[in-house]
Each structure stands twice: as C-alpha cells, then as structure tokens.
Colleague: 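A single structure is presented below for examination.
Just so you know, residue 1 is the first one in the sequence shown, and it goes up from there. In this text the structure is predicted, and so the values were computed from the model without any measurement.
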Amino acid sequence: MSFNIDDIRKQFPILKEKVNGKSLVYLDNGASSQKPQKVLDAIVTYYSTVNSNVHRGIHTLSQLATDQMEQARAKVQHFINAEKSNEVIFTKGTTESINIVANGISHLVSEGDEILISGLEHHANIVPWQMLCQKTGAILKTIPIDENGGLDVSKIDEVLSSKTKWVAFNQVSNAFGVINPIKEIIAKAKKVGAYVLVDGAQAVPHSKVDVQDLGCDFYTFSGHKMYAPTGIGILYGREEILDQLAPWQGGGEMIKEVTFEKTTYAELPFRLEAGTPHIEGAIVLGTAIDWMQEVGIENIQKHEDELLIYASEELSKIETVEVYAKNVKRAGAVSFNLKIEGVHPSDVGSILDKFGIAVRTGHHCAQPIMQHYGITGTVRASFAVYNTKEEVDELIKAVKFAQNMLM
C-alpha cells in the first residue's frame, strides 16, 4: 500500500466524531489507539460467522475458530520473528505477560539474587518484580536516568554483576517516549548470565521488532496500542525458558491429565493459557497485524517520527512549555508541562479537551520518573499513523490558549 494519509484517516470511523463541538484530535495513542474499519469488521465477522470455543470441539464452528486463532498466533510469530509459534502466548496484555513471568520464575530465584530494571519503567514492570523480591528475598536494582531523561548507559556495568539473574526494561518509555539502547543492555546482561525481559508495549506500534535479532528471552506487548481490541496481548518467550515457567493459573486447556492425586500439564503454548481465551481478540490481533503490514511498518515509523519532531519543535517555541527528554531519541510521544506556578497537567488537559484534543495527563503509571524530575506529572501527546501535522497545529494553538488563560 502506498502511504496516503487521507486514505488512512478514512479507515477510522471515530475520527469523524465531534468532541465539545470540535473535530476530534486524538493524541492519546500511547494509552490506546483507535481501530480501522478492517479491524472493526473482523470483530463483527467473528461473532457473526464462527463464534465458538476453541481447541475443545469436534463440530465445524469450533474447528473454524481454532484454525483462525492458531493462524493469528502464526501471524504474531512472523510479525516479531519468533523461531516457533509455540513461543507465542496469548495474554490479556503486557501487564499480565510480565506477571506470568515474574510469578512463573519464583522457583528459579533465590535470596540475594539481583533483579535489574530501569528508571524509566511503567508500574507494570516495577511492581511484579518488587512482589517477586518480597517473596524470594531477591534484591531489586535500577539503571538510573541521566540528565537528558534517558538511561545512564555508563552506569549499567556498575549495577550488573554475577548476582544479576533477571533484567527487565522497556524498549520505549511510555512516559516520555525515550528509546532505550536495548541491544546494548541485552548484550551486557547476557555477559553476566542473566535472563532478559523486554516490555515492548510502546515499541511494537511504531517500529519493526525482531526478537531473535534482539536476543531477549521474553518480549511482551498489548494489542490495544496497535489498532487491535483491548484485553489481548502477547508474551513471547524462548521455548527453553518458557518450559521452565511454573503455570500461574490452573484450569481447563492447560492440562494434559487430571486426577485427584496429580495433574500433568499440556505442552506449550497451552500450558500457560488456562481457561477460555479471548478468541475474538486473538483473531482480530492478527487482522490488526495484517493491516499494519499493508500500510508498512516503515511507513508508519517515518510518518510518526516526522510528527514527533514537528510537535517537539513547535512546543519548544512556546514561552512556558518544558519538553521532557527532548535531547534523546524518542518514539510515539512527547511529554511536556506549562511551567506556570500552580498549574497542574490536568488543568492543561481539561482545556485541550474543550478544543476536542485528547491527550493523557498525570504520572502515566510511572511515578518514579516524575519523582526524579520533582513533578506530579506531564501532559503527553502520543501519535499514531492517522495523525497529521494539521492536528499538531491544533494542539499548539490550544496549548498557547491554555498558557494565556492560566498565566
């Protein structure tokens, strides 16, 4: 597909909506992206034509639903270049994926072991590891943030040691959009024999991912940030280490044989997919992947990078605006504040909403980052392929209005 922004926008019905009498300018894609008509149609088609439970029925609809769900698993495999389809686990999203790993490895973690995360993490990649440390006596350490808002790469060797058993960090920061040097971190972690989990929730919507090239052990992401439904996500793991995870949920589908005396578990991926899955979500995630590949991941990345650079430059021209992490490479989002005494990010967000502009305000589930900067939160404008420079211009006008109103 040749890249035509007008044709792309026509595929998103919600962009025709009015908010407070204004045309919707949706810049909250870091929280959840909108859905193209192809994805919306796939949801209706599933429930209209093949709705049935999977893997359990001999009847035709069950077999059709099973085939479509497993085809979607294969699409994910190729999308991230996993070696095998059974290394792709369907989950509710990134948060559940990380929790599956943190719970599943507890028997592999001992008192005094060290778990390393970064200072740029979402709470979902902090709290599960804290819980694991409380359970096992392991020690949680962090890679600090530097003066530019990125990770202080020079400190990585200081916090890595022979005691480091697990390393978990995001590829792209949800709060500031900072792109982390993940290949460098993974390589350093591997030198000390640590396993690595990468939170890719904010990376997969914006750029191509190759898990084999990265060399990570786990990679996680969510469908709702990449044009798919909510409630569906992916845990990728190398087969060798996935096999070592203890199932964190028991029930149907994940078993091989059950007696009152003993239960044996199914092979991957089903051992980690207890209960009836989000069948529609899994199938339609495959549709969203098809759509992204039709548009072209490179086209998406190029277009969004142009928007991000333009928005950052224009925001920086406003007298009272402070743009965070503007001197490091970013993807998908720009975070800023009006440096006016007594003004909270939510004040700015409320004014922007009156102009039909949807942004995210607050700490973005990343309170340690905000504490580092001594702020309560930021205004975050985050981009998707359907956004335009004209929408950025509307954002700039509204921010200027907010500045004049709040000074």
Side-chain angles (χ1 to χ4, degrees), residues 91 94-147 149-176 178 180-202 214-220 235-238 240-248 272 363-374:
T91 69
T94 304
T95 297
E96 183 175 71
S97 297
I98 296 170
N99 276 274
I100 288 173
V101 176
N103 280 270
I105 65 171
S106 61
H107 65 293
L108 302 175
V109 177
S110 302
E111 184 174 357
D113 286 350
E114 294 179 354
I115 298 171
L116 180 62
I117 61 175
S118 90
L120 289 173
E121 297 310 314
H122 187 285
H123 295 164
N125 207 26
I126 300 174
V127 179
W129 305 111
Q130 289 178 330
M131 296 169 70
L132 177 61
C133 288
Q134 290 167 2
K135 184 188 301 183
T136 62
I139 299 166
L140 189 67
K141 302 182 74 173
T142 60
I143 305 170
I145 303 172
D146 67 17
E147 66 276 7
L151 290 183
D152 190 342
V153 180
S154 68
K155 301 292 185 183
I156 294 176
D157 290 330
E158 294 179 21
V159 291
L160 274 173
S161 74
S162 59
K163 294 182 179 179
T164 308
K165 303 303 179 186
W166 294 86
V167 177
F169 58 95
N170 55 43
Q171 185 169 358
V172 175
S173 160
N174 75 295
F176 291 169
V178 173
N180 287 321
I182 62 171
K183 290 194 75 170
E184 181 178 353
I185 298 173
I186 292 169
K188 287 178 178 294
K190 289 300 174 184
K191 283 185 179 179
V192 300
Y195 292 106
V196 179
L197 178 144
V198 177
D199 169 1
Q202 299 292 339
L214 292 176
C216 57
D217 299 291
F218 297 104
Y219 195 95
T220 69
L235 167 61
Y236 156 80
R238 289 191 300 107
E240 173 189 352
I241 187 61
L242 276 179
D243 271 331
Q244 297 181 55
L245 293 189
W248 83 311
L272 297 174
H363 55 64
H364 314 300
C365 294
Q367 287 180 312
I369 301 175
M370 305 305 151
Q371 292 161 5
H372 173 81
Y373 278 90

Colleague: How close do Gly119 and Leu151 get, heavy atom to heavy atom, and via which atoms?
Modeller: N-CD2, 3.9 Å
Colleague: Which distance, rounded to the nearest 0.5 Å, do you find between the CE of Met370 and the CD of Gln367?
Modeller: 9.0 Å
Colleague: Excluding sequence neighbours, so at least two apart, what forms side-chain hydrogen bond (donor to acceptor under 3.5 Å, both in side chains) with Ser162?
Modeller: none
Colleague: Return the set of residues passing side chain to side chain contact (heavy atoms under 4.5 Å, CB included) with Ser97 (not counting sequence neighbours), or none when no residue passes.
Modeller: Thr91, Thr220, Leu235
Colleague: Can you list everything that forms a salt bridge (charged side-chain N to carboxylate O under 4.0 Å, His left out) with Lys190? Sequence neighbours excluded, please.
Modeller: Asp217
Colleague: Show the nearest heavy-atom pair for residues Val167 and Ala194, with the distance to one decimal.
Modeller: CG2-CB, 4.0 Å
Colleague: Start with the C-alpha distance between Phe218 and Leu245, add both sets of side-chain angles, then the distance that settles side chain to side chain contact (heavy atoms under 4.5 Å, CB included), and finish with yes or no.
Modeller: CA-CA 12 Å; Phe218 297 104; Leu245 293 189; 4.2 Å; yes
Colleague: List in chain and number order the residues that pass salt bridge (charged side-chain N to carboxylate O under 4.0 Å, His left out) with Lys165, two or more places apart in sequence or in another chain; answer none if no residue qualifies.
Modeller: none
Colleague: Report the residues that fulfil side chain to side chain contact (heavy atoms under 4.5 Å, CB included) with Ala201, sequence neighbours left out, ordered by chain and then residue number.
Modeller: Thr94, Asp199, Lys225
Colleague: Please round to the nearest 0.5 Å and tell me the distance separating atom CG of Leu160 and atom NZ of Lys191.
Modeller: 10.5 Å
Colleague: Could you work out, with ring pair (Phe, Tyr, Trp, His ring centres under 6.0 Å) as the rule, every residue matching Phe176, not counting sequence neighbours?
Modeller: Tyr324, Tyr373
Colleague: So Phe169 and Val196, side chain to side chain contact (heavy atoms under 4.5 Å, CB included) or not? Walk me through it.
Modeller: CA-CA 8 Å; Phe169 58 95; Val196 179; 3.7 Å; yes
Colleague: If you look at every heavy atom in Ile115 and Cys133, which pair is closest and at what distance?
Modeller: CD1-SG, 3.9 Å
Colleague: State whether the number of non-hydrogen atoms from other residues, nucleotides or ligands found under 6.0 Å of Lys155 atom NZ is greater than 12.
Modeller: no
Colleague: About how many Å separate CG of Leu116 and OG1 of Thr142, when rounded to the nearest 0.5 Å?
Modeller: 7.5 Å
Colleague: For Asn99, give me all partners under side chain to side chain contact (heavy atoms under 4.5 Å, CB included), at least two apart in sequence or on another chain.
Modeller: Thr95, Asn103, Pro128, Trp248
Colleague: Working to the nearest 0.5 angstrom, can you tell me the gap between Tyr236 OH and Leu214 CG?
Modeller: 9.5 Å
Colleague: Can you tell me which residue pairs pass the side-chain hydrogen bond (donor to acceptor under 3.5 Å, both in side chains) test with a partner in residues 108-127, sequence neighbours excluded?
Modeller: Glu114-Ser161, Ser118-Glu121, Glu121-Asn125, Glu121-Asn170, Asn125-Trp129
Colleague: With sequence neighbours excluded, tell me which residues meet salt bridge (charged side-chain N to carboxylate O under 4.0 Å, His left out) with Asp146.
Modeller: none
Colleague: Tell me every residue that passes side-chain hydrogen bond (donor to acceptor under 3.5 Å, both in side chains) with Lys183, counting only those two or more places apart in sequence or in another chain.
Modeller: Asp213
Colleague: Looking at His364, is its backbone amide N or carbonyl O close enough to the side chain of Asn174 to form a donor-acceptor pair, meaning the two atoms are under 3.5 Å apart?
Modeller: yes
Colleague: Could you measure the distance from the CD1 atom of Ile98 to the CG atom of Leu197? Nearest 0.5 Å is fine.
Modeller: 6.0 Å
Colleague: Roughly how far apart are Lys188 NZ and Asp157 CG, rounded to 0.5 Å?
Modeller: 3.5 Å
Colleague: Where do Ser106 and Thr136 come nearest, in terms of heavy atoms and distance?
Modeller: O-CG2, 3.8 Å
Colleague: Can any side-chain N or O of Asp152 pair as donor or acceptor with the backbone N or O of Ser154 at less than 3.5 Å?
Modeller: yes
Colleague: Going by the rule salt bridge (charged side-chain N to carboxylate O under 4.0 Å, His left out), which residues pair with Glu240 if we only count those two or more places apart in sequence or in a different chain?
Modeller: Arg238
Colleague: Among all residues two or more places apart in sequence or in another chain, which pass the side chain to side chain contact (heavy atoms under 4.5 Å, CB included) test with Ile145?
Modeller: Leu120, Ile369, His372
Colleague: I need the minimum non-hydrogen distance between Cys216 and Ile186, along with the two atoms involved.
Modeller: CB-CD1, 3.9 Å
